[in-house]
Engineer: 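My questions will all concern the structure given below.
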Amino acid sequence: MKLDDRIVKQARNTDIIIYLEQYYGFEFAHRGGAYRCKQHPSFAVKSDKLSWYWHSKRVGGFGIIDYLMKIEFLSFRQAVEAVMGSMTITTPPRQEKQYPRTLVLPEKAATPIRLYDYLCAKRGIDSSIVASLIQKEKLYEDKRGNVVFIGFDEQGKPRFASLRGTYGDCSFRGDCAGSDKRYGFCMASDTPSNRLYIFESPIDTMSHGVLANIRKGDKSAWKRDNRLSLAGTADTALSFFLNQHKTVDDLVFCLDNDSSGQEAIVMLCRKYAEKGYRTRIELPEGKDFNEDLMGLIAARKAV
């Protein structure tokens, strides 16, 4: 169905500052005729609150639709629908971050065949970890063959969901309408642990768990520490997790080994060290921990 031109126009003219503050947890400061992102100093939005440029990524555009397509890799329709679904973006006061009230989850497939093929065969995730997360309802396959990653609130209610495509080059990804960024995909420890490993994506979160199993020679090693996906590099989910888990005081930042990941790590380590947490950095050897995992699997097969 064709998108209404008036809705597209409204979406294109949405204030990018308000949108990114509400749904990505970014913070901006007005300096030198532009708004600079505190989490990513090389990301700037012009005073019109529409034109933007991310210097470290060497990519820019006009409006939130361009941002969602070029940075989050959504299709044009997905980007417009994401903005249309954020009901409060045009009116709330900037000092009060508001979140969508209702999470819209896609319908579940009868059997997770593509999920296992994608996560286990293509991404190297141990099937026992996948099965455990499915049992805890943190993972499922939707009827379109996407993998759905779930984040829960304190009452065990789904409040966040991100999608990952399994077809072709598997480049599709995005958040479900109504997702609350405070509730990230989490692999909590089965036993009390004061340590939290922090990642950009659910797949890297799981990959790090597999690597822990391999290095320790124990298939249950992944259960002994907490792991959290931020669904990006903003710390909205981290801040909320720490407020709910007061015994966690040891933070290990495991973001991607690229310019935006390194920018975020420096800022986050400083921010949380000043709050009294022990902070350290664990960078992957490649771009991310799934790349490290796939490299280790390939090296083992070659022996």
Side-chain angles (χ1 to χ4, degrees), residues 39-43 54 56-59 71-73 118-130 133 138-139 147 149 162 164-165 169-171 173 184-189 193 195-219 221-235 237-238 241 248 250-273 277-303:
Q39 287 81 4
H40 304 285
S42 68
F43 177 47
W54 200 316
S56 63
K57 295 179 182 290
R58 297 182 180 179
V59 60
I71 302 299
E72 299 297 329
F73 304 106
Y118 176 67
L119 292 178
C120 301
K122 294 180 180 177
R123 291 292 191 165
I125 310 298
D126 191 290
S127 60
S128 63
I129 293 179
V130 173
L133 293 170
K138 294 188 175 186
L139 280 181
V147 181
F149 303 94
S162 62
R164 186 73 195 203
D169 62 2
C170 307
S171 60
R173 59 184 177 181
F185 172 84
C186 177
M187 294 167 59
S189 171
S193 172
R195 181 174 298 156
L196 175 66
Y197 292 92
I198 302 135
F199 306 86
E200 291 189 32
S201 75
I203 290 175
D204 286 328
T205 306
M206 291 187 288
S207 298
H208 190 271
V210 179
L211 288 167
N213 288 354
I214 293 173
R215 288 163 181 164
K216 295 179 181 180
D218 180 356
K219 285 199 171 184
W222 69 279
K223 298 180 180 181
R224 299 194 188 108
D225 287 304
N226 302 296
R227 292 177 174 83
L228 174 70
S229 166
L230 301 179
T233 54
D235 66 335
L238 173 57
F241 181 93
V248 172
D250 183 9
L251 307 182
V252 187
F253 291 96
C254 308
L255 307 189
D256 289 0
N257 192 10
D258 57 17
S259 56
S260 59
Q262 290 174 14
E263 281 180 9
I265 277 179
V266 171
M267 185 277 296
L268 292 172
C269 276
R270 183 183 300 118
K271 177 178 179 178
Y272 285 90
Y277 293 94
R278 291 193 299 275
T279 63
R280 55 192 174 93
I281 296 170
E282 185 178 321
L283 284 177
E285 294 180 11
K287 178 186 177 295
D288 54 43
F289 282 95
N290 187 251
E291 187 173 298
D292 283 7
L293 174 60
M294 296 305 292
L296 179 59
I297 291 172
R300 286 181 147 202
K301 287 181 178 178
V303 174

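Just so you know, these numbers come straight off a predicted model, no measurement behind them.
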Engineer: Measuring from atom OG of Ser207 to atom CD1 of Ile125, what distance do you get when rounded to the nearest 0.5 angstrom?
Structural biologist: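 Those atoms lie 3.5 Å apart.
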Engineer: Nearest 0.5 Å please: distance from the CD1 atom of Ile297 over to the CD1 atom of Ile214.
Structural biologist: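 Output value for this atom pair is 6.0 Å.
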Engineer: With rounding to the nearest 0.5 Å, note down the distance linking CG in Leu133 to NZ in Lys138.
Structural biologist: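 It comes to 7.0 Å.
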Engineer: Is a side-chain N or O of Asp235 found less than 3.5 angstrom from the main chain of Leu238, in a donor-acceptor match?
Structural biologist: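 Absent.
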Engineer: List for me each residue that meets side chain to side chain donor-acceptor pair (under 3.5 Å) alongside Asp288, sequence neighbours excluded, and say none if there are none.
Structural biologist: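 Here no residue qualifies.
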Engineer: CZ of Phe253 to CE of Met267: how many Å apart, nearest 0.5 Å?
Structural biologist: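 Answer for the CZ-CE pair, Phe253 versus Met267, is 8.5 Å.
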Engineer: Output all residues satisfying salt bridge (charged side-chain N to carboxylate O under 4.0 Å, His left out) with Asp225, sequence neighbours left out; order by chain, then residue number.
Structural biologist: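 Per chain and number, Asp225 pairs via salt bridge (charged side-chain N to carboxylate O under 4.0 Å, His left out) with no residue.
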Engineer: Quick check: does any side chain N or O of Asp204 sit under 3.5 Å from a backbone N or O of Asp256, one acting as donor and the other as acceptor?
Structural biologist: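 Not a single qualifying donor-acceptor pair exists.
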Engineer: Rounded to the nearest 0.5 Å, what separates atom CD1 in Ile198 from atom OH in Tyr272?
Structural biologist: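 Output value for this atom pair is 8.0 Å.
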Engineer: For the residue pair Thr205 and Phe149, establish whether any side-chain heavy-atom pair is separated by less than 4.5 Å.
Structural biologist: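 In short, these two side chains do not touch, never coming nearer than 4.5 Å.
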Engineer: Just how far is it from atom CZ of Phe241 to atom OG of Ser229, taken to the nearest 0.5 Å?
Structural biologist: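 Result: 12.5 Å between the selected atoms.
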Engineer: Where do Ser56 and Ser42 come nearest, in terms of heavy atoms and distance?
Structural biologist: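 So the minimum-distance heavy-atom pair works out to OG-OG, 3.0 Å.
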Engineer: Can you confirm whether Arg227 sits close enough to Leu196 that some side-chain heavy atom of one is under 4.5 Å from a side-chain heavy atom of the other?
Structural biologist: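 The answer is no; the side chains never approach within 4.5 Å.
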Engineer: Report the residues that fulfil side chain to side chain donor-acceptor pair (under 3.5 Å) with Glu291, sequence neighbours left out, ordered by chain and then residue number.
Structural biologist: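 Testing Glu291 for side chain to side chain donor-acceptor pair (under 3.5 Å), a comparison that skips the adjacent residues, returns none.
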Engineer: Can you see which heavy atom on Gly184 is nearest to which on Ala237, and at what distance?
Structural biologist: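 Nearest heavy atoms, Gly184 then Ala237: N-CB, 3.9 Å.
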Engineer: Kindly indicate whether the side chain of Leu268, heavy atoms from C-beta on, has any atom under 4.5 Å from the side chain of Leu255.
Structural biologist: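 Side-chain contact under 4.5 Å: yes.
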Engineer: Nearest heavy-atom pair of Leu293 and Arg123: which atoms, and what distance?
Structural biologist: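 It is CD2-O, 3.7 Å.
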Engineer: Please tell me if the side chains of Leu139 and Leu119 come closer than 4.5 Å, counting only heavy atoms from C-beta onward.
Structural biologist: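 A side-chain contact exists here, since the closest heavy-atom pair is under 4.5 Å.
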Engineer: Do the side chains of Phe43 and Glu263 get nearer than 4.5 Å, heavy atoms only?
Structural biologist: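 No, side chains not in contact.
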Engineer: Under 3.5 Å, is there a donor-acceptor pair between the side chain of Asp218 and the main chain of Asn213?
Structural biologist: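 The answer is no, because no donor-acceptor pair under 3.5 Å joins these two groups.
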Engineer: Grab the two heavy atoms, one from Cys186 and one from Leu228, that are nearest each other, plus how far apart they are.
Structural biologist: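 Looking at all heavy atoms of both residues, the shortest contact is CB-CD1, 4.1 Å.
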Engineer: Just distance, no hydrogens or angles: give the donor-acceptor pairs under 3.5 Å from side chains in residues 277-285, sequence neighbours left out.
Structural biologist:
unit_1	atom_1	unit_2	atom_2	d
Arg278	NH2	Asp249	OD1	3.2
Glu282	OE2	His208	NE2	2.9

Engineer: Under the salt bridge (charged side-chain N to carboxylate O under 4.0 Å, His left out) test, which residues partner Lys216, sequence neighbours left out?
Structural biologist: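 Checked Lys216 against salt bridge (charged side-chain N to carboxylate O under 4.0 Å, His left out); zero matches.
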Engineer: Between Met294 and Lys122, which heavy-atom pair has the shortest distance, and what is it?
Structural biologist: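 Taking Met294 first and Lys122 second, the nearest heavy atoms are CE-O, 3.5 Å.
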Engineer: List the atom of Val59, the atom of Ile71, and the distance in Å for their closest heavy-atom pair.
Structural biologist: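 Heavy atoms of Val59 and Ile71 come nearest at CG1-CD1, 3.7 Å.
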Engineer: Using the test salt bridge (charged side-chain N to carboxylate O under 4.0 Å, His left out), find all partners of Arg270 that sit at least two apart in sequence or belong to another chain.
Structural biologist: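 With sequence neighbours excluded, Arg270 shows a salt bridge (charged side-chain N to carboxylate O under 4.0 Å, His left out) to no residue whatsoever.
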Engineer: Indicate yes or no: at least one non-hydrogen side-chain atom of Lys57 is less than 4.5 angstrom from one of His40.
Structural biologist: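 The answer is no; the side chains never approach within 4.5 Å.
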Engineer: Apply side chain to side chain contact (heavy atoms under 4.5 Å, CB included) to the pair Gln262 and Asn257, showing each step before the final yes or no.
Structural biologist: CA-CA 6 Å; Gln262 290 174 14; Asn257 192 10; 2.7 Å; yes
Engineer: Give the ring-plane orientation class for Phe289 versus Phe199, where under 30° counts as parallel, over 60° as perpendicular and anything between as tilted.
Structural biologist: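 Phe289 vs Phe199 ring planes: perpendicular.
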